[in-house]
Amino acid sequence: MDWWVYLLALIGVVAVAVAAAFLGRFLYMRQVRRSLVRLLGRREAVVAAANGLDLVIEHLSMGDDEALAVFASDPGSDDRRALEDVASRMRILADDLRVMPLPKRLWPVAEGMERAARLLAEQAGRVGEATTPDSALDALAEIRVQEVREQVLAVNADLQPLLDAFRVHDPAVYGGGLYI
């Protein structure tokens, strides 16, 4: 009769261990999905900032010489303020990505996004740091939009397999960076 008690105790321990393993796996999957949604919002912010940088450059290239002269000489011009805003937002985003608690599996994606945000902040920030009109124009000419785009594409390439693996496909979840 004593061996039945031991057998029941063993079965109980195994059942608890299996239940704990399934619960742990469920909680891990849930945490990764939530973290992926958070990263998607950050990715959309980086893409929006890159698009904003493109728009400023396009506006200045389509404008006349007077618009370029105002940009170069007036630190308060709309285009310079837009670039300063991009730089400021990307610095904040990069710092946020650096300290964001994430499962280890998502660290490379977050690091890639952080690099893209820092690159955007550095390039857009140089224009705001310019003290003379010539240095502002030089900083504008040194912006490497293609390098930013390549960084964002690399992040997307790292992120997409994770989105597929953890079945995060519903665009209503992250709505282009806005939580709905």
Side-chain angles (χ1 to χ4, degrees), residues 32-33 35-65 67-68 70-72 75 77-100 102-130 133-180:
V32 170
R33 282 189 187 124
S35 296
L36 281 170
V37 169
R38 289 173 54 202
L39 285 176
L40 283 171
R42 287 359 181 246
R43 179 191 67 182
E44 294 303 320
V46 170
V47 169
N51 289 340
L53 186 67
D54 284 343
L55 288 173
V56 168
I57 292 171
E58 182 180 324
H59 176 258
L60 290 172
S61 67
M62 298 294 195
D64 56 1
D65 290 340
L68 207 52
V70 168
F71 171 82
S77 73
D78 289 340
D79 292 320
R80 284 198 50 184
R81 283 196 332 243
L83 290 177
E84 289 174 22
D85 185 50
V86 165
S88 172
R89 288 176 189 262
M90 289 300 99
R91 278 187 214 104
I92 291 169
L93 181 66
D95 292 340
D96 180 42
L97 285 164
R98 167 137 335 262
V99 299
M100 182 185 293
L102 294 170
K104 189 172 185 174
R105 190 169 186 181
L106 302 181
W107 289 359
V109 174
E111 289 168 353
M113 275 188 221
E114 179 189 355
R115 280 191 300 275
R118 289 206 190 280
L119 183 62
L120 270 167
E122 171 195 332
Q123 291 188 20
R126 274 193 236 134
V127 175
E129 296 167 359
D134 287 339
S135 62
L137 291 175
D138 290 342
L140 180 67
E142 291 173 2
I143 291 177
R144 299 174 313 271
V145 177
Q146 186 58 35
E147 189 175 335
V148 171
R149 292 285 174 207
E150 289 170 1
Q151 190 71 29
V152 170
L153 288 174
V155 166
N156 286 336
D158 291 342
L159 187 59
Q160 193 57 48
L162 292 169
L163 294 173
D164 293 337
F166 288 95
R167 289 177 260 138
V168 179
H169 297 291
D170 187 9
V173 172
Y174 49 90
L178 300 174
Y179 295 104
I180 298 175

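Computed from a predicted model, the values in this text were never measured in an experiment.
- Residues that satisfy the side chain to side chain donor-acceptor pair (under 3.5 Å) test with S35, not counting sequence neighbours, are Q31.
- Side-chain polar atoms of N156 and Q160 form no donor-acceptor pair below 3.5 angstrom.
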What donor-acceptor contacts under 3.5 angstrom involve side-chain atoms of residues 88-96, with partners at least two apart or in another chain?
from, atom 1, to, atom 2, distance (Å)
R89, NE, D85, OD1, 3.1
R89, NE, D85, OD2, 2.9
D95, OD1, R118, NH1, 3.4
D95, OD1, R118, NH2, 3.0
D96, OD2, R42, NE, 2.9
D96, OD2, R42, NH2, 3.0

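- With L119 as the partner, the side-chain contact (heavy atoms from CB on, under 4.5 Å) test is satisfied by one option alone out of R144, E114, E150: R144.
- Within the 3.5 Å criterion, the main-chain N or O of A72 finds a donor-acceptor partner in the side chain of R80.
- For the pair L153/V155, no side-chain contact is recorded, criterion being any heavy-atom separation below 4.5 Å from C-beta on.
- Atom CD of Q151 sits about 11.0 Å away from atom CE of M113, to the nearest 0.5 Å.
- From L97, atom CG reaches atom CZ of R115 across 11.0 Å, with rounding to the nearest 0.5 Å.
- Residues P161 and A157 share a closest heavy-atom pair of CD-O, 3.0 Å.
- R81 is linked by a side chain to side chain donor-acceptor pair (under 3.5 Å) to D78, counting only residues two or more places apart in sequence or in another chain.
- Separating the CG atom in D79 from the CG atom in L60 is a distance of 4.5 Å, to the nearest 0.5 Å.
- Residues I143 and V127 have side chains in contact (heavy-atom distance under 4.5 Å, counting atoms from C-beta outward).
- Of all non-hydrogen atoms in F166 and R105, the two that sit nearest each other are CZ-NH1, 3.1 Å.
- Annotation: the span from D158 atom CG to R43 atom CZ amounts to 11.5 Å, rounded to 0.5 Å.
- Environment of CG in D65: sparse, with no more than 12 heavy atoms of neighbouring residues, nucleotides or ligands closer than 6.0 Å.
- Nearest heavy atoms, V46 versus L120: O-CD1, 3.7 Å.
- To the nearest 0.5 Å, atom CG of residue L106 and atom CG of residue L39 are 6.0 Å apart.
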Verdict with reasoning, D138 to R126, per salt bridge (Lys or Arg N to Asp or Glu O under 4.0 Å): CA-CA 9 Å; D138 290 342; R126 274 193 236 134; over 6 Å; no
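- Here the shortest heavy-atom pairing between L83 and A124 reads O-CB, 3.4 Å.
- The shortest non-hydrogen separation linking S77 to F71 is OG-CA, 3.8 Å.
- Few gaps surround CZ on R149; more than 12 heavy atoms of other groups in view lie less than 6.0 Å from it.
- Contact annotation: the side chain of Q123 never approaches that of E142 to less than 4.5 Å [non-hydrogen atoms, C-beta and beyond].
- To the nearest 0.5 Å, atoms CG (N51) and CD (E58) are separated by 10.5 Å.
- In this structure, L40 and L159 have side chains that are in contact, with non-hydrogen atoms separated by less than 4.5 Å.
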